[in-house]
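Have a look at the structure below, then the notes.
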Amino acid sequence: MNPKMLMIVQLLVFALGLAIAVPIQNYTQSPSQGDESSQWVSPHYYPTPQGGRLQDVWQEAYARAKAIVGQMTIVEKVNLTTGTGWQLDPCVGNTGSVPRFGIPNLCLQDGPLGVRFADFVTGYPSGLATGATFNKDLFLQRGQALGHEFNSKGVHIALGPAVGPLGVKARGGRNFEAFGSDPYLQGIAAAATIKGLQENNVMACVKHFIGNEQEKYRQPDDMNPATNQTTKEAISANIPDRAMHELYLWPFADSVRAGVGSVMCSYNRVNNTYACENSYMMNHLLKEELGFQGFVVSDWGAQLSGVYSAISGLDMSMPGEVYGGWNTGTSFWGQNLTKAIYNETVPIERLDDMATRILAALYATNSFPTEDHLPNFSSWTTKEYGNKYYADNTTEIVKVNYNVDPSNDFTEDTALKVAEESIVLLKNENNTLPISPEKAKRLLLSGIAAGPDPIGYQCEDQSCTNGALFQGWGSGSVGSPKYQVTPFEEISYLARKSKMQFDYIRESYDLAQVTKVASDAHLSIVVVSAASGEGYITVDGNQGDRKNLTLWNNGDKLIETVAENCANTVVVVTSTGQINFEGFADHPNVTAIVWAGPLGDRSGTAIANILFGKANPSGHLPFTIAKTDDDYIPIEIYSPSSGEPEDNHLVENDLLVDYRYFEEKNIEPRYAFGYGLSYNEYKVSNAKVSAAKKVDEELPEPATYLSEFSYQNAKGSKNPSDAFAPADLNRVNEYLYPYLDSNVTLKDGNYEYPDGYSTEQRTTPIQPGGGLGGNDALWEVAYKVEVDVQNLGNSTDKFVPQLYLKHPEDGKFETPVQLRGFEKVELSPGEKKTVEFELLRRDLSVWDTIRQSWIVESGTYEALIGVAVNNIKTSVLFTI
Ligand code: BGC
Ligand code: BGC
């Protein structure tokens with residue numbers, strides 16, 4: 001072990017030792033008191049591993065990138081690394097251009113469920129809904145549809161998928177953007193999404209790296225409600241080493257393996273260092289251990305230092321300005337990075353690596369912009385004509401919106417199919433569902449969430465919550481979708497077609513009329529909702545995260561009133577995360593319940609199709625629904641007087657996230673992870689296991705690195721005048737340029753580098769590294785498990801057998817039971833199929849914090865196959 005590694009190990013062991021001393025707190029207690037300085041430290045790791053040194057990985061892309069970067073001037077390289085400023089160019093993020101090499105401003109555009117700030121586009125089912133399909137084919141198909149739309153709009157880099165938040169906190173505002181509260185599910189869904197996007201020549205950007213589990217305090221200067229004072233620093237997500245690897249980092253490893261071109265570092269601090277200047281996270285975990293070959297881009301305003309972020313592994317600054325200084329023309333990079341290169345505070349090798357990583361990622365993902373592939377929309381105006389640079393109203397008026405409609409049969413079909421397959425049937429007594437006129441002739445639909453919001457569809461970043469829920473709010477929303485279908489529209493249509501009598505009531509507070517119409521109905525549907533979103537918008541006191549887990553718009557009372565008056569009440573919960581079901585789940589008149597995540601634009605069609613049996617429900621819960629809210633990890637709202645909040649809930653909970661906690665503590669949930677009924681019964685039986693490859697306890701040593709390289713002109717010119725702006729530059733106000741001012745004074749650097757700073761590249765990879773996503777051996781199939789699945793019902797349907805793995809009882813590493821396989825299979829009535837699950841070496845591995853590597857413990861493992869984590873149908877043992 002080299003001395004650097006030894007230091008890291010020591011620090012980790014030290015941090016872990018301290019972690020054990022942290023008392024376990026009850027989540028209902030007020031969080032940690034006192035201002036004692038934190039025990040959580042993120043070790044330093046330098047230098048940033050140079051990209052392009054993994055054997056057989058991205059070599060062609062790197063060769064092309066190097067050929068160009070080798071000819072670039074310093075300002076050209078800097079221009080690739082820095083955004084041009086907020087609201088100047090057409091996308092939410094735009095890099096500088098390098099016309100000499102045909103590189104236009106690169107367009108980075110939100111978000112995970114569709115193209116934000118553009119017209120005619122589709123708001124696809126959210127990540128959370130997508131996760132609930134448990135359908136790998138649909139993960140890919142949705143990625144392809146997204147890719148097609150981003151590409152049609154001229155976007156080069158799509159800011160998705162999201163796999164952080166991991167969904168650790170039920171009230172977390174942005175959980176809906178990612179795929180559910182399990183890293184294995186998130187990893188598979190993210191990898192397929194990335195593949196789909198990048199097949200369409202759009203680079204994916206997986207985010208947020210890492211620990212962005214709540215919106216409260218995600219940035220500095222947030223208000224502490226207890227003291228009415230603003231915080232000084234963003235919250236520190238304190239994450240122990242094992243949980244970091246086995247939970248939080250896991251889906252990022254899948255993403256890197258899938259060839260993702262870029263990664264977005266998050267706003268928050270991680271173990272007390274900001275994610276976008278955290279050398280341990282970016283240099284060590286991402287670029288060394290996971291072998292990430294693309295570039296790291298800051299979340300918007302998440303960069304809080306210049307030199308420090310550069311040497312810690314950040315490659316691109318977005319939207320370009322310093323935190324809190326949008327449209328001030330001031331950047332940590334841009335001109336200041338040029339300066340830092342000229343005075344040699346930042347080694348030129350680091351800048352070369354940033355530029356090379358950016359270009360290599362464009363080549364590797366086939367998203368290098370061709371001449372005519374440019375954004376054909378403006379994020380900042382819906383008008384056809386506008387200022388060429390929006391924030392500078394002195395610039396010329398040009399055509400900025402071309403109203404390109406990317407939709408086609410494939411996009412339409414995908415948006416609907418994913419939405420339908422994500423809907424989870426939670427309760428269905430007396431065959432209440434599917435609805436048919438034979439069972440009930442008079443139908444009542446109620447609930448504010450059934451119909452349109454009076455304000456329409458295009459409110460700020462989808463933050464309108466007085467109507468149907470299509471998305472969550474924030475940057476992860478599609479602001480002007482082509483159209484949206486409410487449950488009201490489609491349910492009333494299907495009711496009409498079925499010759500039913502149809503009534504609808506929106507009123508949800510004055511319940512007298514509800515009482516009357518409900519008592520007249522044979523069957524009532526109540527559509528209720530709970531929303532959340534990103535922290536920069538507060539809706540009804542919900543600052544992104546939800547204040548509580550109750551239903552919005554008096555939903556609980558409405559359900560109660562309808563159920564008291566109608567013996568067949570169907571509740572449709574649409575929400576961005578878990579809600580509390582206790583008020584109505586066991587009500588005898590609530591005979592059916594379905595849950596739907598944000599389903600996107602076809603929400604109403606999908607819900608109606610499931611309710612009326614035009615499609616069968618086959619979704620499964622991507623998280624656990626508890627009986628008491630105290631069983632969820634809370635949002636940290638405490639901030640000490642130092643103004644530096646820390647989140648130790650992640651430490652206390654450690655590996656016991658979501659169902660792991662319920663299983664380990666024997667807590668009966670209301671609805672378990674993986675649960676979901678269907679209109680047909682099915683049988684899962686006869687588990688068998690076979691070894692595919694012998695696994696040793698230790699990983700094999702990875703292949704060696706290719707030798708490092710440097711550019712001929714690497715030192716660049718030491719004459720600052722070479723970096724002055726061209727004489728004919730027509731400056732746009734507030735625009736960020738890479739040029740030095742002509743009166744610049746360059747002092748020789750006496751920058752105080754952090755402890756352990758070094759510029760010496762490693763010659764060999766660390767043991768868990770050396771391959772894309774980590775040591776290649778991690779990705780080998782170790783065991784195969786088979787089960788028989790049979791449809792016992794009378795219609796063709798889709799089922800999801802799930803594999804959960806139990807580690808050896810007597811193992812040294814206490815490991816909770818966890819999801820390690822799922823497949824969605826279609827079966828006609830009576831049909832039986834054998835389903836195979838592949839267990840990769842990584843699926844069996846635990847992270848050994850002492851050895852700093854993945855190991856496979858010897859002992860007897862059990863593969864449990866069932867229909868939910870707490871409903872296992874068959875199992876098989878195998879001994880390693
Ligand atoms: C969000 C990112 C988003 C970016 C650009 C940030 O506030 O956290 O997810 O991609 O803005 O809009
Ligand atoms: C923008 C987002 C951005 C956020 C940052 C909002 O005004 O719309 O794109 O991420 O500010 O806080």
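Indexing begins at 1, ligand by ligand and atom by atom, following the structure's order. Positions are given from 1, in the same order as the sequence printed here. Note that the coordinates shown come from a computational prediction; the quantities given were computed from them, not determined experimentally.
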Under-4.0 Å heavy-atom contact with ligand 1, by part of Tyr267 that carries it: side chain
Heavy atom of Met318, distance to ligand 1 below 4.0 Å: no
Arg218/Glu534 ion pair, N-O < 4.0 Å: yes
Nearest neighbour of atom 9 (O) of ligand 1 from the list His208, Gln109, Gln219, Glu215, on a heavy-atom basis: His208
Contact check, Arg116 vs ligand 1, heavy-atom distance below 4.0 Å: yes
Cation-aromatic face contact Arg602/Tyr483, 6.0 Å, 45 degrees: yes
Proximal ligand 1 atoms for Trp300, defined as those under 4.0 Å from one of its heavy atoms: 4 (C), 5 (C), 11 (O)
Residue pair Phe117, Phe377: steps toward the ring-ring contact (aromatic ring centres under 6.0 Å, His included) verdict: CA-CA 8 Å; Phe117 293 146; Phe377 65 99; 8.9 Å; no
Partner of Trp86 under ring pair (Phe, Tyr, Trp, His ring centres under 6.0 Å), chosen from Tyr735, Tyr323, Trp326: Trp326
Proximal atoms of ligand 1 relative to Lys207 (non-hydrogen, under 4.0 Å): 2 (C), 3 (C), 9 (O), 10 (O)
Residue selection (non-hydrogen contact nearest atom 4 (C) of ligand 1) among Val297, Asp299, Asn212: Asp299
Atoms of ligand 1 close to Ser475 [distance to a heavy atom under 4.0 angstrom, numbered from 1]: 1 (C), 2 (C), 3 (C), 9 (O), 12 (O)
Verdict with supporting geometry, Glu213 and His649, side chain to side chain contact (heavy atoms under 4.5 Å, CB included): CA-CA 11 Å; Glu213 295 298 326; His649 297 300; over 6 Å; no
Exceeds 12 heavy-atom contacts within 6.0 angstrom, atom NZ of Lys482: yes
Interfacing atoms of ligand 1 (cut-off 4.0 Å, heavy-atom, Arg218): 7 (O), 8 (O)
Beyond-backbone contact of Ile157 with Gln109, side-chain heavy atoms, under 4.5 angstrom: no
Contact (N/O only, under 3.5 Å) between Tyr536 and ligand 1: no
